[in-house]
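Remarks on the structure that follows.
This structure is a prediction, so every number in the text was calculated from the model and none was measured. Any value given below was found using the heavy atoms of this structure, including those in side chains, with hydrogens, waters and symmetry copies removed.
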Amino acid sequence: MSLQRRLLPSMSALTAFEAAARTGSFTVAARELSLTQGAISRQVKALEEQLGCPLFVRQGLRVTLTPAGTAYAEEVRGALHRIRSASLRVIGAPRGGVLKLAILPTFGTRWLVPRLPAFQRANPEIIIHFSTKLAPFDFSTEDLDAAIHFGEPDWAGAVCDRLMDEEVLPVCAPAFLAAHPVASPADLAALPLLHTTTRPDAWAEWFSAQGIDAIEGAGMHFEQFATTAQAAVAGLGVAMLPTLLVEAELRLGALVPALDRPYRGSRAYHLVHPEGRGGYPPFAAFRRWLLAEARAGVSRLAPSPPLFRVAVEGAEGRSSFSLEEGEG
């Protein structure tokens with residue numbers, strides 16, 4: 001047997017081995033794959049002969065992985081997962097491919113999703129699947145092509161494209177401001193301040209930029225910007241919010257600046273992709289579009305979707321985009 005053939009076992013042998021390794025039983029693996037126990041045993045034996053080492057210790061009806069089998073199973077499992085994902089992408093979008101993107105939930109629903117119809121019109125053959133991620137992750141262990149990240153461009157093993165800075169502003173409901181007039185930054189310290197846990201230092205940074213020692217005003221804490229914005233609209237206090245996420249509320253007057261002193265820190269929104277993924281056609285098309293959209297800096301938003309809506313539906317009720325719920 002040539003070395004090239006020896007290093008490339010058949011898919012049936014690898015599938016049988018992975019199932020047996022995962023379940024610890026040739027019988028269970030056979031049931032899972034709709035084969036006989038004998039067929040699984042023969043596939044595994046052929047694989048062991050091809051590799052030249054035992055992968056299982058056989059003890060009656062029980063099988064246990066050898067050290068070599070354990071290491072091989074981990075690699076094979078990852079490879080089969082990638083093959084399944086690649087096949088699913090082709091089946092799901094035979095003409096253009098699938099882009100799997102991790103997003104920050106409020107940024108996704110408030111800024112990105114309302115702009116996506118333009119991308120879909122220009123790239124009708126590309127299907128996008130979304131999931132929510134609040135923090136950097138290891139692309140090698142996640143079935144994702146790219147992510148929207150807020151922070152510094154320091155994602156290990158990935159390439160970061162800067163999209164836009166984040167400008168924050170203290171905002172509140174008009175009735176709340178009428179009842180609690182604000183003439184200077186120090187006046188805000190005595191008011192209920194609404195906090196978002198994903199930006200724990202937002203108020204301290206803003207006060208520091210105004211030349212005031214860090215002040216932690218009393219007030220409620222929320223996990224998502226959308227909930228913080230809703231609390232501000234309801235008149236529960238003053239919120240420090242990114243202006244790009246509350247464009248509609250500011251435009252419609254549901255929120256107003258408590259003090260018109262925006263602050264822009266060093267952190268920014270980035271489009272992140274693993275090294276070597278930049279040439280994947282669906283991602284390359286999305287990257288070109290998103291960078292242009294971010295550079296344009298012109299809001300073409302219709303009124304924002306409801307604050308707590310995270311699903312987007314297409315025509316006739318068909319799902320055009322899918323969002324997995326998360327926090328942030």
Side-chain angles (χ1 to χ4, degrees), residues 1-102 125-133 137-147 157-158 273-283 319 321-324:
M1 180 183 294
S2 68
L3 178 60
Q4 181 69 12
R5 183 180 174 189
R6 185 180 178 188
L7 295 178
L8 291 174
S10 70
M11 186 63 69
S12 57
L14 292 175
T15 302
F17 165 69
E18 189 280 329
R22 177 167 37 81
T23 61
S25 167
F26 286 2
T27 301
V28 176
R31 188 181 307 125
E32 180 180 293
L33 298 177
S34 299
L35 297 172
T36 65
Q37 188 271 346
I40 296 293
S41 180
R42 287 191 295 273
Q43 291 282 6
V44 171
K45 182 175 176 56
L47 180 61
E48 291 175 320
E49 292 176 350
Q50 185 171 345
L51 296 175
C53 69
L55 299 174
F56 288 98
V57 175
R58 293 155 175 84
Q59 300 171 319
L61 296 179
R62 293 188 58 197
V63 291
T64 306
L65 285 167
T66 64
T70 299
Y72 193 56
E74 183 176 348
E75 296 288 346
V76 167
R77 186 171 299 116
L80 290 177
H81 175 72
R82 288 190 292 274
I83 292 172
R84 292 189 190 99
S85 296
S87 299
L88 182 61
R89 290 169 190 260
V90 173
I91 293 171
R95 292 180 299 164
V98 174
L99 174 66
K100 295 186 178 182
L101 179 70
E125 73 284 2
I126 296 175
I127 295 175
I128 306 179
H129 294 169
F130 292 91
S131 63
T132 55
K133 295 284 187 181
F137 53 87
D138 186 351
F139 276 104
S140 67
T141 62
E142 298 279 353
D143 187 20
L144 292 165
D145 300 305
H273 66 276
E275 295 173 352
R277 196 61 175 166
Y280 177 53
F283 170 73
S319 176
F321 306 98
S322 61
L323 292 173
E324 298 174 10

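Under 4.0 Å is where a charged nitrogen must lie from a carboxylate oxygen, and between Glu49 and Arg42 no such pair does. Lys100 has no carboxylate O lying under 4.0 Å from a charged side-chain N of Glu142, or vice versa, which leaves the two without a salt bridge.
How far CG of Leu14 is from CD1 of Ile83: 8.0 Å, rounded to the nearest 0.5 Å. Note that NE2 of His81 is 9.5 Å distant from OG1 of Thr141, once rounded to the nearest 0.5 Å. A distance of 8.5 Å separates CG of Leu51 from CG of Leu7, quoted to the nearest 0.5 Å. Distance OG1/Thr15 to CD/Gln43: 8.5 Å, rounded to 0.5 Å. Distance CZ/Arg22 to CG/Leu65: 12.0 Å, rounded to 0.5 Å. Here the CZ-CZ distance, from Arg58 to Phe26, works out to 4.5 Å after rounding to the nearest 0.5 Å.
The closest donor-acceptor contact from the side chain of Glu18 to the backbone of Arg77 lies at 3.5 Å or more, if one exists at all.
Contact annotation: the side chain of Leu101 never approaches that of His129 to less than 4.5 Å [non-hydrogen atoms, C-beta and beyond]. Side chains of Tyr72 and Leu47 form a contact here, defined as non-hydrogen atoms less than 4.5 Å apart. A heavy-atom distance below 4.5 Å is found between the side chains of Arg31 and Thr27.
Closest approach of Asp145 to His273, counting heavy atoms only: O-CB, 3.7 Å. In plain terms, the two heavy atoms of Leu33 and Ala19 that are nearest each other are CD1-CB, 4.0 Å. Residues Ala16 and Ile40 share a closest heavy-atom pair of CB-CD1, 3.8 Å. The shortest heavy-atom contact between Pro54 and Ala68 is O-CB, 4.4 Å. Residues Ala102 and Lys133 come closest through the heavy atom pair CB-CG, 3.6 Å.
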**Request:** Using the side-chain contact (heavy atoms from CB on, under 4.5 Å) rule, take Phe130 and Leu99 through it: C-alpha gap first, then chi angles, then the decisive distance, then the call.
**Result:** CA-CA 8 Å; Phe130 292 91; Leu99 174 66; over 6 Å; no
**Request:** Start with the C-alpha distance between Leu80 and Met11, add both sets of side-chain angles, then the distance that settles side-chain contact (heavy atoms from CB on, under 4.5 Å), and finish with yes or no.
**Result:** CA-CA 9 Å; Leu80 290 177; Met11 186 63 69; 3.4 Å; yes
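Under 3.5 Å, the side chains of Ser10 and Ser12 contain a donor-acceptor pair of N or O atoms.
Figure legend: Arg277 and Tyr280 shown as a cation-pi pair, the cationic atom lying under 6.0 angstrom from the six-membered ring centre and within 45 degrees of its axis.
The aromatic rings of Phe56 and Phe17 lie perpendicular to each other, with more than 60° between the two planes, well past the 30° mark.
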